[in-house]
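Below: the structure, in structure tokens.
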Amino acid sequence: MCGIVAYIGPQNAYEIVIKGLQRLEYRGYDSSGVAIHNSKKVNVFKQKGKVQDLIDFAANKDTKGKLAIGHTRWATHGLPNDINAHPHQSGDKKISLVHNGIIENYAILKEELEQRGHQFESETDTEVLVHLIEEIHKNSKYDLFDAVRIALNEVIGAYAIVIINSDNPNELIAARKSSPLVVGIGEEEYFCASDATPIIEYTKNVVYLEDGEIAQISLTNGLKLKTIANQEKTPYIQELEMHLEALEKGGYDHFMLKEIYEQPQSIKDSMRGRISISKSKVALGGILDYEEKLINAKRLIFVACGTSWHAGLVGEYLLEEIARIPVEVEYASEFRYRNPIIGEDDFVIAISQSGETADTLAALKLAKERGATLMGICNVVGSSISRETDCGSYTHAGPEIGVASTKAFTAQVTILTLMAMMIGRRKGTITNKRFNRLLVEMKAIPDKLKTVLKENDLIEKIAKIYYQSTNALYLGRGINFPLALEGALKLKEISYIHAEGYPAAEMKHGPIALIDEEMPVFVIATKDSSYEKIVSNIQEVKARKGKIIAIVTQGDKEVKKIADHYIEIPKCDELLVPLLATVPLQLLSYHIALLRECNVDQPRNLAKSVTVE
Ligand code: G6P
């Protein structure tokens, strides 16, 4: 959460920082601000609202300068307002700082600093940090870099920070712990950002800071790295593989719609080089060294949050069915605060689009301490989770910018399907015939998905009928039950309609009481082993005058007769239905949110990358 951008070099820093903040707006968008160095002084502009509000506010102001830091905020401590927006400054206004994370011991530090005469303007933990740095810098022999390093040894919590000093137009100081930070290295210019998207159009050479590292980025002395314990480190420069077009809307009205439509390609990309029909093989390169261990694992534990947790639930079904390995799916935030029983024979697998979710990362660290092998299924290359794990598979879905996750989910499910097939094949828990049939079916999914996307107009019509509902119910059984949860989450997060996902048979134990003629009930009712059962569940809803919107298999007769509306998806193996049936649910939420005039890409109160616990 919160996005950070910084620039030092010959170009107009404000423009680069603002453009970068717009790319990072998915991380938080309740307020934003910049600090620009301009001949011995630093101009700070901050504004509640979107980055566009900041641009409007700064339109007639002096934004000249070659050194700047910027921030787009998702509030943790203190209301979203102009004062609490970052950057924050030291008492003498010489040091300016942007921060992503939480300083947990800020209250104690603040008390001590107040006793020493510091006065605070905001309610934030961040302002405490910049005053702490000032205090150490002023009352010691330490230069600013060392003062920052020493201050960071005193704080508890998470941070990615970038600092500028009005006395030094040639330097940025950056550091991270548990919140991401990337340094971009150009020709006599440097960039810092929470992820690589603000950097990509200027340079492909980046250094991902590790936890506990602090960087001195100087136009005269280059990039120097140390740990906060004062050990020198050699920067490891990596080349970015990202393309700029992937960060643009490409003619679509919203990133979410673009990302929904990208799924035939993103699923193909997730499978690329990993399946071979002619060799009858699935190979996941990133886990090759751990394959033996994975196959012999006593148990797999998925840790994840949000939509990624739903992918884990689909994965549970796939792995238990195909590979016969017991699977547990854990909310990372619950798992880490229990005293979970984890052993050396366990494989703990983090599923995360961003690879930065704080709770998921912390769950992994706990599992590592207890000896488990760690695997990551991440989308963002070079992210913290991908670096923390022993092995992993990237989903390769390309950048996902809409806050509501769409193509990352289907890419995660693709990887989990391949993983189940790979293990099942090695363990002999799947017959050759079934394995080969699944291979062929997997290859066919992208084309089948294109057929599903053609239902968009019909889905929009259905959305027009139900967009004013205040409640909605989503039902599914077996492997489609997690889709009911995911469908409900998508509707909630972008259209603010209260929605619940339920296993269809469980409906009788509570939610059925909610059903009346006002209640739309979305049912995944594809032709599979529980088809007859779900038909009965639909009848139960109809008997209580609920409205049924069903996702059915092409050629279905029974459900079509009883449903108020239906959306067809092509026939496929029942284990692969989640890859197809999710998409109409995504489109339904998209259109409903649009009709309700909601901000589809940046829903209220949410952020894409949740880097606070
Ligand atoms: C946030 C996002 C969700 C996402 C979840 C987990 O809540 O809004 O879309 O599913 O975080 O994020 P991750 O990056 O770990 O998959």
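Both ligands and their constituent atoms are indexed starting at 1 by order of listing.
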Checklist entry - Hey, are Glu369 and Lys365 close enough for a salt bridge, meaning a charged N less than 4.0 Å from a carboxylate O? => result no
Item to check | Residue pairs involving residues 579-607 (criterion salt bridge (Lys or Arg N to Asp or Glu O under 4.0 Å); sequence neighbours excluded) | outcome: none
Checklist outcome for this item: Sorted by chain and residue number, the residues having a heavy atom closer than 4.0 Å to an atom of ligand 1 are Cys305, Gly306, Thr307, Ser308, Ser352, Gln353, Ser354, Thr357, Val403, Ser405, Ala607, Lys608, Val610
Checklist entry - How are the rings of His77 and Tyr106 set to each other: parallel, tilted or perpendicular (split at 30° and 60°)? => result perpendicular
Checklist entry - Under the side-chain hydrogen bond (donor to acceptor under 3.5 Å, both in side chains) test, which residues partner Arg299, sequence neighbours left out? => result Glu328, Asp346
Checklist outcome for this item: On a heavy-atom basis, the closest approach of Pro80 and Lys48 is O-CE, 3.2 Å
Next on the checklist: Per the ring-ring contact (aromatic ring centres under 6.0 Å, His included) rule, what does the pair list look like for residues 576-601, sequence neighbours excluded?
Outcome noted: His254-Tyr590
